[in-house]
Amino acid sequence: MPTILVAVSGMSPAILTETIWALAQESPPVVPDEVVVITTSRGEQDIQQQLLTPLEAWGGQTVWAKLREDIFAGARLPKENLRLQLSPRVIDLPDAATGVRQKADDLRTHAQNDAAANFIVQTLAPYCDAQDHQVIASIAGGRKTMGALLYGAMSLLGKETDRVTHVLVSEPFEFIRGFYYPGQPGPILEFRPFNGPPAPADPGDAVVELADLPFVPLRNKFEELNEPRRTFAGLVDCYARAERPLQGSPAVTLDAANGILSVQGKPILLVGRCLVVASFLYEQALAGQAMFEDVVDAAEAYLAFVRQWQQQYPHHRKTSRYIAGKAAKEDITRSLSELRTLLKKNNVASCIPFLAPARSRIGFDIHRDTVRDVPPRVG
């Protein structure tokens with residue numbers, strides 16, 4: 001399974017090397033295939049200067065090249081390996097003056113943070129959508145808002161197999177510029193405590209760990225919402241509306257000919273017994289009939305409705321197999337269970353108490369002012 005590390009980074013790209021090193025210490029070692037870094041133009045420059053520029057103290061190697069070499073050696077991977085491919089992604093912003101999107105050098109305004117949120121979602125989505133990929137999101141770097149946005153995006157898009165992490169570095173190394181990972185080459189580093197003399201700090205003494213942060217993968221509950229609404233605010237609003245209690249009875253229409261039950265504007269395809277049961281309850285509601293107390297109470301009227309359906313629509317393309325058999329009162333319970341599942345999948349779960357409650361009465365409690373009976377055109 002390919003592993004993708006997605007991180008946000010500002011002016012401290014050491015969080016990338018620290019996170020990668022900590023992952024490689026797990027058992028078994030985790031070595032990401034790709035390291036996607038969401039950053040600004042300033043952050044991109046820091047990555048270039050700190051990680052991708054050869055250092056004399058490191059034997060002419062770059063930090064990134066030496067890290068890969070050490071990680072591969074520890075994980076017993078061949079030196080020439082396609083893992084740990086660094087992929088910086090610079091947030092861009094619209095420019096009203098030029099009409100050309102420009103790389104963001106910082107994120108300070110509300111509009112810039114909104115753009116960053118959308119950029120994070122759009123970058124993250126393809127990796128989270130791939131069921132055969134594991135995404136590890138590091139929220140340790142960048143401005144605090146960037147880490148918070150990445151965590152929020154993982155809650156919106158992440159799978160239960162994905163991870164959200166934060167890197168923990170022992171003192172004083174978290175404050176030392178030039179520290180990248182334990183055991184790095186080069187000289188002993190220098191730490192300057194506040195109002196104190198410089199003190200040596202050996203990178204070999206550093207302790208770097210990962211903290212896994214729990215998150216709720218909302219896509220499991222709202223599987224039907226995994227659509228191309230790839231804006232942060234759009235996904236939040238979509239999920240929030242799905243959970244918002246319905247105010248009043250839902251608007252419902254039924255196109256029996258095509259087997260489409262429309263609930264709050266959402267078309268739901270019905271077939272077989274589910275279509276017949278829905279038609280039965282829909283007609284009861286249109287006629288202003290009282291709801292049934294239970295399945296036993298509804299059974300006689302339902303079986304009579306099925307006989308009428310058989311006579312009137314013997315060749316209905318979506319119910320012919322069902323009516324050719326023997327209908328039973330248990331079909332009501334089974335169909336309402338199917339309808340509950342369909343309502344959830346079509347983002348109208350808030351309508352379940354009005355159409356298919358798990359207990360209590362049987363019937364459709366629908367918004368009479370907006371209901372229109374669509375006559376079946378059966379053929």
Side-chain angles (χ1 to χ4, degrees), residues 5-32 35 37-40 42-77 79 83-84 86 88 106 136-148 150 163-213:
L5 174 62
V6 179
V8 287
S9 178
M11 293 181 287
S12 299
I15 64 100
L16 300 174
T17 57
E18 294 161 356
T19 300
I20 293 167
W21 188 90
L23 286 170
Q25 308 313 303
E26 296 184 348
S27 183
V30 176
V31 181
V35 180
V37 189
I38 300 172
T39 188
T40 61
R42 291 184 184 179
E44 183 183 35
Q45 291 172 7
D46 284 326
I47 290 172
Q48 181 64 44
Q49 292 171 0
Q50 295 186 42
L51 302 187
L52 304 179
T53 299
L55 301 176
E56 183 178 348
W58 288 47
Q61 286 187 293
T62 66
V63 171
W64 184 253
K66 180 57 178 172
L67 172 70
R68 293 182 81 239
E69 181 182 296
D70 290 347
I71 293 297
F72 292 163
R76 297 184 178 180
L77 296 173
K79 184 177 180 180
R83 295 190 184 184
L84 286 181
L86 184 62
D106 202 354
I136 301 175
S138 170
I139 64 170
R143 288 190 174 274
K144 291 181 179 179
T145 49
M146 292 178 68
L150 179 56
R163 298 169 61 183
V164 176
T165 68
H166 194 288
V167 68
L168 306 174
V169 182
S170 62
E171 293 185 357
F173 298 97
E174 62 175 321
F175 306 112
I176 300 178
R177 190 173 182 85
F179 172 75
Y180 296 101
Y181 60 94
Q184 68 185 46
I188 298 296
L189 301 175
E190 186 177 82
F191 172 57
R192 292 180 176 272
F194 183 69
N195 288 334
D202 187 345
D205 297 333
V207 177
V208 178
E209 299 177 300
L210 283 186
D212 273 88
L213 307 180

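Values in this document were obtained by computation on a predicted structure and should not be read as measured data.
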Side-chain donor-acceptor distances from residues 47-60 under 3.5 Å, at least two apart:
{"from": "Q50", "atom 1": "OE1", "to": "Y180", "atom 2": "OH", "distance (Å)": "3.4"}
{"from": "T53", "atom 1": "OG1", "to": "Q48", "atom 2": "O", "distance (Å)": "2.7"}
{"from": "T53", "atom 1": "OG1", "to": "Q49", "atom 2": "O", "distance (Å)": "3.4"}

Output the distance between atom [atom1] ([X]) and atom [atom2] ([Y]), rounded to the nearest 0.5 Å.
X    : Y    : atom1 : atom2 : result
L189 : R177 : CG    : CZ    : 12.5 Å
S12  : E174 : OG    : CD    : 11.0 Å
R68  : T17  : CZ    : OG1   : 14.5 Å

Considering all heavy atoms, the nearest [X]-[Y] contact:
X    : Y    : answer
I139 : H166 : CG1-CD2, 4.1 Å
F173 : D205 : CE1-C, 4.1 Å
A24  : I71  : CB-CD1, 3.5 Å

Side-chain heavy-atom pair [X], [Y] within 4.5 angstrom cut-off:
X    : Y    : value
W64  : L84  : yes
P200 : D202 : no
P32  : L23  : yes
F175 : R192 : no
L5   : S138 : yes

Q. Between S9 (side chain) and T39 (backbone), is there a donor-acceptor pair under 3.5 Å?
A. no
Q: Using a strict cut-off of less than 4.0 Å between a Lys/Arg side-chain nitrogen and an Asp/Glu carboxylate oxygen, indicate whether K66 and D70 qualify as a salt bridge.
A: yes
**Q.** Results of side chain to side chain contact (heavy atoms under 4.5 Å, CB included) for A148 - residues two or more places apart only
**A.** none
